[in-house]
*Asks:* 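Right, I'll just put the structure down here and ask away after.
Letters A, B, ... are given to chains in the order of the sequence lines, protein chains preceding strands, and every chain is numbered from 1.
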Number of protein chains: 2
Amino acid sequence: MLSLSEENHLKSIFHLSINSEDGVSTNSIAKNLNTKASSVTEMLKKLNEKLLIVYIKYHGAQLTELGRKTALKIIRKHRLWEVFLVEKLDFKWDEVHEVAEQLEHIQSEKLTNELDKFLNFPTHDPHGDPIPNPAGFIKITPKLKLSDLGIGETGKFIGVKDSSSAFLKYLDKRKISLGCNIKVLHQEEFDQSLHIGLDETNLTISIKSASNLYITKI
Amino acid sequence: MLSLSEENHLKSIFHLSINSEDGVSTNSIAKNLNTKASSVTEMLKKLNEKLLIVYIKYHGAQLTELGRKTALKIIRKHRLWEVFLVEKLDFKWDEVHEVAEQLEHIQSEKLTNELDKFLNFPTHDPHGDPIPNPAGFIKITPKLKLSDLGIGETGKFIGVKDSSSAFLKYLDKRKISLGCNIKVLHQEEFDQSLHIGLDETNLTISIKSASNLYITKI
DNA sequence: AAAATAATTTAGGCTTACCTAAATTATAAC
DNA sequence: GTTATAATTTAGGTAAGCCTAAATTATTTT
Ligand SMILES: [Mn+2]
Ligand SMILES: [Mn+2]
Ligand SMILES: [Mn+2]
Ligand SMILES: [Mn+2]
């Protein structure tokens with residue numbers, strides 16, 4: 001049985017591993033978890049002892065297969081609870097993360113799997129992130145950003161890179177919601193902002209926003 | 001914000017207060033929480049500082065109004081989650097307590113109140129215990145036990161005193177479930193066991209079991 | 001390839017929540 | 001009312017998880 005802190009470190013390492021071949025740095029974990037590098041070092045030693053990561057002094061940490069599965073089981077719970085909160089309890093997609101951070105640590109396989117069933121085995125959470133299966137398996141699909149599309153191309157909005165409450169609320173305000181189709185109409189030269197077509201309406205978004213929207217080409 | 005341990009101590013004091021005018025003893029709390037008396041003493045000092053209890057050395061602890069409300073808010077969450085697990089996730093009434101012990105510590109008023117709404121504002125948990133309102137108010141009704149009934153009298157089964165998994169499963173096996181009517185037919189002299197009528201069938205239960213069943217006279 | 005800088009680890013502390021053993025106080029038995 | 005016993009508190013430790021400051025190692029600049 002892992003402690004809350006151990007679980008959070010594993011999750012953090014998992015998320016920081018996504019875009020990096022080699023070890024995750026002590027500092028990046030510390031930043032991610034709002035602690036100090038020295039605290040992280042201690043934890044890395046412990047997780048290494050428990051065979052959840054491979055930790056080489058001064059060279060960061062990498063999840064072992066066991067560590068990866070363990071992280072994904074926590075992420076599975078996080079995402080299932082997020083679905084529950086949005087689908088059943090009328091939470092908005094920008095309100096769920098904080099609570100899910102707590103709920104993801106509840107220990108009960110039965111609870112997790114019954115919740116999964118109750119929600120009808122959802123495949124993605126409210127932010128478009130995939131939900132791992134009970135064994136901790138997940139299909140990682142390479143993601144395209146809206147900013148990667150060329151003029152005239154259309155994409156389906158399938159996820160957010162930045163899932164901060166601020167960005168999610170911004171999307172709500174512009175009526176940009178998961179599943180909608182977005183056509184790139186034109187790009188401003190001086191600031192790269194994009195004119196896009198969304199359902200009936202057109203609007204303009206900054207290149208920064210566009211690079212935080214995951215899409216699939218249509 | 002209270003720690004998990006602080007919350008558990010408050011809850012324990014609340015439950016142990018039910019049948020006692022004066023302070024709850026250090027030892028009883030220690031037994032209840034599976035810790036040692038010396039650990040409890042430390043915590044009582046702290047809760048006293050925080051104005052959640054009145055603690056007098058060598059004379060146990062009593063909840064303040066604030067402490068009582070706080071305890072009842074935790075108990076509210078516990079019982080709402082138990083309802084959720086039974087009603088929505090197909091848990092049996094003997095399987096919910098452990099998980100609810102974890103879920104009761106999740107901090108989110110919105111979550112609790114939305115859950116309450118989702119469950120249609122249940123008044124009692126799966127064991128017949130009343131659910132406090134959002135402000136931590138609860139109506140305590142004096143409880144009769146089946147063993148208090150006279151021969152020939154009938155009661156409606158409304159709650160369990162002993163909610164151990166073993167006892168709950170025993171009741172399942174005998175098809176004794178919340179809400180059913182029980183008539184006391186006869187009492188054996190040598191061991192006080194009761195012959196009771198339940199729907200169409202008759203059966204015999206020990207006086208010990210009978211004293212763990214809460215009923216209202218009909 | 002040194003020197004400067006940045007990242008990381010180590011050393012030494014702190015707090016919470018536990019524990020055991022000893023001392024103290026309350027309660028029960030005589 | 002003493003005395004014995006039980007309950008409780010105090011004293012002194014431990015482990016986890018955090019911290020700051022100092023030392024060490026890696027990386028970048030010159
Ligand atoms: Mn989240
Ligand atoms: Mn999410
Ligand atoms: Mn319970
Ligand atoms: Mn209950």
Side-chain angles (χ1 to χ4, degrees), chain A residues 1-13 15-17 19-63 67 70-71 74 101-102 104-105 107, chain B residues 1-13 15-17 19-63 67 70-71 74 101-102 104-105 107:
Chain A
M1 264 266 299
L2 299 177
S3 73
L4 192 133
S5 185
E6 289 170 326
E7 291 197 344
N8 283 336
H9 279 79
L10 281 182
K11 218 174 30 128
S12 189
I13 296 167
H15 284 128
L16 294 167
S17 296
N19 303 307
S20 80
E21 271 308 297
D22 40 282
V24 175
S25 76
T26 306
N27 260 350
S28 63
I29 299 168
K31 198 162 296 172
N32 190 248
L33 293 179
N34 251 290
T35 59
K36 302 291 156 151
S38 55
S39 306
V40 173
T41 300
E42 278 182 49
M43 185 56 81
L44 295 184
K45 286 178 188 168
K46 207 207 304 188
L47 294 176
N48 185 71
E49 279 305 307
K50 295 192 175 188
L51 306 178
L52 293 159
I53 63 172
V54 174
Y55 164 58
I56 299 166
K57 255 194 203 178
Y58 292 103
H59 294 280
Q62 279 185 292
L63 292 174
T70 307
I74 302 162
E101 284 291 307
Q102 297 179 61
E104 72 189 4
H105 300 288
Q107 311 276 175
Chain B
M1 265 268 296
L2 299 178
S3 73
L4 191 133
S5 184
E6 288 169 328
E7 292 198 343
N8 283 336
H9 279 79
L10 282 182
K11 218 175 28 128
S12 189
I13 296 168
H15 284 128
L16 295 168
S17 297
N19 304 305
S20 81
E21 272 306 299
D22 41 282
V24 176
S25 76
T26 306
N27 260 350
S28 63
I29 300 169
K31 198 162 295 171
N32 190 247
L33 293 178
N34 251 290
T35 59
K36 302 292 156 146
S38 55
S39 306
V40 172
T41 300
E42 277 182 49
M43 184 56 81
L44 295 184
K45 286 179 187 167
K46 208 206 302 185
L47 294 176
N48 185 70
E49 280 306 307
K50 294 193 176 187
L51 305 179
L52 292 160
I53 64 172
V54 174
Y55 163 58
I56 300 166
K57 254 193 202 177
Y58 293 104
H59 294 281
Q62 279 186 291
L63 292 173
T70 308
I74 301 161
E101 284 291 308
Q102 298 179 61
E104 72 190 5
H105 300 288
Q107 310 277 172

*Asks:* Between A:K36 and A:K57, who's closer to the 5' end of DNA chain D by nearest nucleotide?
*Replies:* A:K36
*Asks:* Going by modelled atom types, is there a donor-acceptor pair between the base of C:dT20 and the side chain of B:S38 at under 3.5 Å?
*Replies:* yes
*Asks:* Taking the nucleotide of DNA chain C with the closest heavy atom to each, which residue, A:I56 or A:E42, is nearer the 5' end?
*Replies:*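 Result of the comparison: A:I56.
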*Asks:* Return the value, rounded to whole Å, for the distance between atom CG of B:L44 and atom C1' of D:dT10.
*Replies:*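 It is 14 Å, rounded to the nearest whole Å.
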*Asks:* So which nucleotide from C:dT24, D:dT20, C:dC19 ends up closest to the side chain of B:Y58?
*Replies:*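 Taking heavy atoms from C-beta onward, the closest nucleotide is C:dT24.
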*Asks:* B:K11 and B:E101: salt bridge (charged side-chain N to carboxylate O under 4.0 Å, His left out), yes or no, with the steps?
*Replies:* CA-CA 11 Å; B:K11 218 175 28 128; B:E101 284 291 308; 3.1 Å; yes
*Asks:* Do A:S25 and A:S28 get their side chains close enough for a donor-acceptor pair, meaning under 3.5 Å?
*Replies:*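 Present: a donor and an acceptor within the cut-off.
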*Asks:* Whole angstrom is fine here: how far is it from CG in A:L4 over to P in D:dA15?
*Replies:*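 The answer, rounded to whole Å, is 21 Å.
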*Asks:* B:K45 has an atom NZ; how far is it from atom P of D:dT8, in whole Å?
*Replies:*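 Result: 14 Å.
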*Asks:* Could you check which of C:dA17, D:dC19, C:dT10 has an atom nearest any side-chain atom of A:S39?
*Replies:*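 The nucleotide sitting nearest to the side chain is D:dC19.
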*Asks:* How close or far is atom C1' of D:dT25 from atom NE2 of A:H59, stated in whole angstroms?
*Replies:*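 Those two atoms, NE2 and C1', are 8 Å apart.
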*Asks:* Round to a whole Å and report the spacing from CG of A:D22 to P of D:dA26.
*Replies:*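 Interatomic distance, CG of A:D22 to P of D:dA26: 15 Å.
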*Asks:* Say you draw a straight line from OG of B:S12 to NZ of B:K31; how long is it, rounded to the nearest 0.5 Å?
*Replies:*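 One finds 12.0 Å between OG of B:S12 and NZ of B:K31.
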*Asks:* In whole Å, I'd like the distance from the NZ atom of A:K31 to the P atom of C:dA6.
*Replies:*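 Roughly 13 Å, once rounded to whole Å.
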*Asks:* OP1 or OP2 of C:dT8 sitting under 4.0 Å from any side-chain N/O of A:N27?
*Replies:* yes
*Asks:* Are A:E6 and A:L47 packed together at the side-chain level, in the sense that at least one heavy-atom pair is separated by less than 4.5 angstrom?
*Replies:*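 With C-beta onward as the side chain, the pair touches.
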*Asks:* For C:dA17, does either OP1 or OP2 sit under 4.0 Å from a side-chain N or O belonging to B:T35?
*Replies:*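 No.
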*Asks:* Side chain of B:T41: nearest nucleotide among C:dA26, D:dT9, D:dT8?
*Replies:*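 Closest of the options to the side chain of B:T41: D:dT9.
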*Asks:* So, A:H59 versus A:D22: side-chain donor-acceptor pair below 3.5 Å or not?
*Replies:*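 A:H59 vs A:D22: no donor-acceptor pair found between side chains.
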*Asks:* Starting at CE of B:M43 and ending at C1' of D:dT8, how long is that distance when rounded to a whole Å?
*Replies:*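 B:M43 atom CE is separated from D:dT8 atom C1' by 17 Å.
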*Asks:* Establish, with yes or no, whether the OP1 or OP2 oxygen of C:dT8 is under 4.0 angstrom from a side-chain nitrogen or oxygen of A:Y55.
*Replies:*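 Looking at the OP1 and OP2 atoms of C:dT8, neither is under 4.0 Å from any side-chain N or O of A:Y55.
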*Asks:* CG of A:L2 versus P of D:dA16: gap in Å, rounded?
*Replies:* 13 Å
*Asks:* Categorize B:S5 for me: base, sugar-phosphate, or nothing, with a 4.0 angstrom heavy-atom threshold over every strand shown.
*Replies:*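 Result for B:S5 = sugar-phosphate.
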